[in-house]
Amino acid sequence: MMYDGYGDRGISPEWGLYKDERHQEQDSHDLGGDGWETPKLWMFNPANQDWQNHFTAVHKDFLDVYDFDGLQMDSLGGRGSRRFDYWGNELELDQTYAPFLEQLERRLNTRVIFNPVGSYGLQQVLNSGVYDSIYVEVWPGDNKDYLSLKQTLDRIYSVTKGERGSVIGAYMDYNVMKGEPFNLPGILYTNAMLAAAGGSHLELGDTGMLSNEYYPGNSLRISKELEKRVRNYYSFMVAYENFLRGPGLLEVAAKTWVGGKQTSKDARLGEVYSFTKEKGDQTIVQLLNYEGAVSSAWVDSRGAQSAPAVKRDVEMAQSVDRRPSHVYVMSPDYGEGIMQEVEFTYENGQVRFILPYLEYWDMVVICFS
């Protein structure tokens with residue numbers, strides 16, 4: 001993308017991306033009402049060799065001067081209708097990203113992270129192997145609910161096998177009035193799902209937590225309680241990274257009961273959702289509590305999500321294929337996230353024990369060694 005007057009910089013309109021077959025209307029991204037320095041950004045064809053050469057040369061100059069570790073490149077996702085090159089050839093934009101990234105990485109000899117917004121082009125990028133980590137910016141039009149966040153991370157893991165990290169950009173409380181605090185329940189539900197599913201939430205910008213895609217912005221406030229809770233979640237993700245992400249995790253079909261009720265497998269409202277993974281001689285169960293939530297929409301656009309109904313000292317049962325040796329329970333919401341061993345019974349293919357506390361998210365590790 002380029003600002004107005006790009007012809008003065010030696011850039012040809014023949015390199016552009018167009019909405020019509022006669023190159024009368026170049027595609028652009030309108031910024032008019034957002035207070036940016038320019039009203040729009042003009043879009044160019046990622047498959048055009050001249051545009052690739054220009055883009056590469058500019059970034060080579062940049063990297064020669066500034067010792068950055070690599071490049072983070074962006075996109076605008078699917079354009080919603082047909083797009084063409086200057087000569088009227090229709091383009092499938094998602095097919096153009098990976099070849100561009102491949103030559104960029106090769107010619108600049110640097111690491112590249114690319115953002116296939118809304119997962120548009122994600123599969124092609126995954127298949128190319130050109131990524132230092134996977135970063136995807138999600139929007140409610142493509143990822144409507146909590147479960148869809150996990151499905152995106154599962155899709156990434158199926159290719160990377162956990163050899164690369166997965167980061168999800170998801171902007172919360174998008175339509176909350178400026179100056180108001182972020183809604184704590186909405187933030188923690190989303191963070192819990194992303195972390196439990198093996199991802200990280202890109203939610204902090206230059207000056208605070210992000211409520212939109214403008215990273216220097218700080219239009220909403222972070223309460224002291226939310227700041228503390230988010231720190232606890234980050235510490236939990238680091239302390240138990242081997243249970244949450246990385247190679248060797250395999251999701252398996254298993255039955256789970258909390259308080260005598262079988263957990264849901266689709267993250268429906270009013271129930272506890274669970275999924276189970278195995279790693280070596282350990283079974284890892286993630287519990288996410290949606291009892292009390294009023295919406296399954298992760299974005300919580302108006303900051304109206306409600307807190308879950310807390311469960312204390314409730315019995316949990318898990319189907320297993322043999323007698324465990326140890327059972328551990330941990331949560332970023334309880335006891336500073338410290339792992340707690342619990343007593344259990346085993347009978348007829350089920351292990352039973354007491355969950356001390358379930359608010360948003362608990363993790364259970366069942367060991368068989």
More than 12 heavy atoms of other residues, nucleotides or ligands under 6.0 Å from CZ of R107: yes or no? yes
Pair up each side-chain donor or acceptor in residues 344-352 with any protein partner under 3.5 Å, not counting sequence neighbours, and list the distances.
from : atom 1 : to   : atom 2 : distance (Å)
Q350 : OE1    : R352 : NH2    : 2.8
R352 : NH1    : E315 : OE1    : 3.2

E102 with R106: basic N within carboxylate O range, under 4.0 Å: no
So CG of L226 and CZ of R221: to nearest 0.5 Å the spacing works out to 11.0 Å
Please round to the nearest 0.5 Å and tell me the distance separating atom OH of Y171 and atom OH of Y215. 3.0 Å
Using the salt bridge (Lys or Arg N to Asp or Glu O under 4.0 Å) rule, collect all pairs that involve residues 4-23, keeping only residues at least two apart or in two chains. K19-E25
Checking D85 against N45: is there a side-chain donor and acceptor pair closer than 3.5 Å? no
In terms of the angle between their ring planes, are Y86 and H23 parallel, tilted or perpendicular, with boundaries placed at 30° and 60°? parallel
Sorted by chain and residue number, the side-chain contact (heavy atoms from CB on, under 4.5 Å) partners of Y233 (sequence neighbours excluded) come out as L188, N191, A192, P332, D333, Y360, W361
Residues, nucleotides or ligands: over 12 heavy atoms within 6.0 Å of R302 CZ: no
Once the angle between the rings of Y66 and F62 is folded into 0 to 90°, is it parallel (under 30°), tilted (30 to 60°) or perpendicular (over 60°)? tilted
Ion pair check, E251 and K150, cut-off under 4.0 Å: yes
